[in-house]
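Below is one structure, written out as structure tokens; comments come after it.
Just so we're clear, the structure is a prediction, and the values are computed from it rather than from any experiment.
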Amino acid sequence: PGLGSVRRTFLYGIAFASLALAATGATQLVSQLLGSLFGGVVLQDESFRVAFGLAAVAVGTPIWLLLWRAAERSLVEFPAETGTLGRKAYVYLVLAVSAMVSGGFWVRFIQGTLSPDRFDLEQLAPAAVWGLVWWVHWRWETAEGQPSEVARSTRRFYSYLLSTVALVLLAVGLGLALRTLLGGVYDQLFGGTLLLAPGSALWPTPLRDGLALAVVGAVGWGFHWHHTSAGDTESLLRQTVAFLVGVFGGLAAETWGGG
């Protein structure tokens with residue numbers, strides 16, 4: 001009961017597409033604004049970015065607001081809509097995409113921060129815009145709750161998917177950082193080059209990349225594994241991720257690295 005599967009799919013499908021368009025346009029505008037404020041004047045050959053950003057925001061934002069308003073009105077007439085697969089799929093798809101996009105650009109921003117010669121303030125634009133998209137939808141989802149088993153299952157899938165991605169980033173980042181540090185110690189002990197050669201960057205590239213991945217991965221994994229899915233210890237999906245990714249994945253990496 002409710003809107004119906006076809007109408008619900010259309011409503012949230014177009015809402016997702018228009019939101020992605022508006023967020024992409026806002027990213028271009030914020031990026032250009034940061035570049036003009038801290039990197040000089042806006043160049044003439046970059047005017048396309050501004051034009052596209054304005055057009056994308058002007059088209060995507062009203063469509064998304066209209067469709068989201070229609071979805072909110074449907075909740076008054078059909079309260080069961082809050083627990084439908086279509087609505088939860090939209091919300092958690094937005095959360096997953098925005099978290100991954102924002103996390104990826106936060107990695108690049110941290111990498112640039114640790115290497116001043118490659119620092120690019122414009123990387124903050126997509127990280128901030130998509131982070132805001134994630135935060136707004138997370139607030140809505142937290143207030144709405146999970147009134148059905150379908151909603152709870154969709155939340156689990158989102159939580160453990162993001163936990164897995166973040167855990168991989170954390171493990172790879174720590175591996176890169178430790179590999180660089182241990183390699184530097186080995187070189188100093190056995191007559192090789194120093195960890196920081198004269199004239200080199202403050203942070204070697206593998207160490208910088210590893211730390212950036214580790215920081216973002218630790219935040220994402222801690223939030224989704226220990227906060228979002230806290231208390232879900234009896235979930236089959238949680239046990240599957242714990243054993244398949246954590247235990248088996250860790251054992252496989254340990255065996256390969258040790259060999």
Task: Polar side-chain atom of T61 near backbone of A58 as donor-acceptor pair, under 3.5 Å - done: no
Task: Cluster overlap V150 with Y12, hydrophobic side-chain contacts below 4.5 Å - done: no
Task: Donor-acceptor under 3.5 Å (H224 side chain, G220 main chain) - done: yes
- [ ] Provide the closest heavy-atom pair for V57 versus A22 in the form atom of the first, atom of the second, distance.
- [x] CG2-O, 3.7 Å
Open item on the list: The test is side chain to side chain contact (heavy atoms under 4.5 Å, CB included); show your working for V50 and Q28 and say whether it passes.
Closed with: CA-CA 7 Å; V50 179; Q28 298 294 330; over 6 Å; no
- [ ] To the nearest 0.5 angstrom, please state how far the CG atom of L19 sits from the CD1 atom of I14.
- [x] 12.5 Å
Task: Distance (rounded to the nearest 0.5 Å) between F105 CZ and W130 CH2 - done: 10.0 Å
- [ ] Decide yes or no on side chain to side chain contact (heavy atoms under 4.5 Å, CB included) for R7 and F10, but give the supporting numbers first.
- [x] CA-CA 5 Å; R7 186 178 181 186; F10 169 81; 5.6 Å; no
- [ ] Describe, in one word, how the ring planes of W138 and H227 are oriented to each other, choosing from parallel (under 30°), tilted (30 to 60°) and perpendicular (over 60°).
- [x] tilted
Open item on the list: Checking Y90 against L11 for the side chain to side chain contact (heavy atoms under 4.5 Å, CB included) test, could you report, in this order, the C-alpha distance in whole Å, the side-chain angles of both residues, the deciding distance, and whether it holds?
Closed with: CA-CA 10 Å; Y90 160 80; L11 181 66; over 6 Å; no
- [ ] Take W64 and F16 through the ring-ring contact (aromatic ring centres under 6.0 Å, His included) test and state the conclusion after the steps.
- [x] CA-CA 8 Å; W64 179 77; F16 178 83; over 10 Å; no
Open item on the list: Nearest 0.5 angstrom please: L162 CG to W221 CH2, how far?
Closed with: 14.0 Å
TODO: Only counting residues at least two apart or in another chain, list the ones meeting side-chain hydrogen bond (donor to acceptor under 3.5 Å, both in side chains) with W68.
DONE: none
- [ ] Is it possible for you to say whether V216 and L178 belong to one hydrophobic cluster, with membership spreading through side-chain heavy-atom contacts below 4.5 Å?
- [x] no
Open item on the list: Per the salt bridge (charged side-chain N to carboxylate O under 4.0 Å, His left out) rule, what does the pair list look like for residues 84-113, sequence neighbours excluded?
Closed with: E72-R87, R87-E144, K88-E141, K88-E144
Open item on the list: A side-chain contact here means heavy atoms from C-beta on lying under 4.5 Å apart; do T84 and R8 qualify?
Closed with: yes
Open item on the list: Tell me whether S102 contacts the main-chain N or O of A99 through its side chain, where contact means a donor paired with an acceptor under 3.5 Å.
Closed with: no
TODO: Treating Ile, Leu, Val, Met, Phe, Trp and Tyr as nodes and any side-chain heavy-atom pair under 4.5 angstrom as an edge, say whether Y160 and F243 lie in one connected cluster.
DONE: no
TODO: Looking only at non-hydrogen atoms, find the nearest pair between I63 and S18 and report the distance.
DONE: CG2-CB, 3.8 Å
TODO: Return the minimal non-hydrogen interatomic distance between A177 and L211, and the atom names on each side.
DONE: CB-CD2, 4.2 Å
TODO: May I ask you to decide if the ring planes of Y92 and Y158 are parallel, tilted or perpendicular, using 30° and 60° as cut-offs?
DONE: tilted
TODO: Indicate the atoms forming the closest heavy-atom contact of L207 with T180, along with that distance.
DONE: N-OG1, 3.5 Å
Open item on the list: Run the side chain to side chain contact (heavy atoms under 4.5 Å, CB included) test on L124 and W106 for me, step by step, so that the C-alpha distance in whole Å, both residues' side-chain angles and the decisive distance to 0.1 Å come before the verdict.
Closed with: CA-CA 7 Å; L124 270 180; W106 276 114; 3.6 Å; yes
Open item on the list: Looking at every heavy atom in both T228 and S159, which two are closest together, and how far apart are they?
Closed with: CG2-OG, 2.9 Å
Open item on the list: Side chains of R208 and Q111: any donor to acceptor distance under 3.5 Å?
Closed with: no
Open item on the list: Does F157 have more than 12 heavy atoms from other residues, nucleotides or ligands lying within 6.0 Å of its CZ?
Closed with: no
TODO: Quick one: closest heavy-atom pair of V133 and A23, and the distance?
DONE: CG2-CB, 4.3 Å
Task: Qualifying residues under side-chain contact (heavy atoms from CB on, under 4.5 Å), relative to R152, sequence neighbours excluded - done: Q146, E149, R156
Open item on the list: Taking D232's backbone N and O only, do any of them form a donor-acceptor pair with S235's side chain (distance below 3.5 Å, no angle check)?
Closed with: no
- [ ] Identify whether L167 and L244 are in the same connected component of the hydrophobic contact network (ILVMFWY, side-chain heavy atoms under 4.5 Å).
- [x] no
Task: W140 reachable from L75 in the ILVMFWY side-chain graph, under 4.5 Å edges - done: no
Task: Distance in Å, S153 OG paired with L85 CG, rounded so as to fall on 0.5 Å steps - done: 9.5 Å
Task: Nearest-0.5 Å distance that lies between atom CZ in R238 and atom OG in S163 - done: 7.5 Å
Open item on the list: Using side-chain heavy atoms (C-beta onward) and a distance below 4.5 Å, is L170 in contact with L213?
Closed with: no
- [ ] Output the distance between atom OG1 (T233) and atom CD (Q239), rounded to the nearest 0.5 Å.
- [x] 7.5 Å
Task: Under 3.5 Å: donor-acceptor pair, side chain of T27, backbone of P126 - done: no
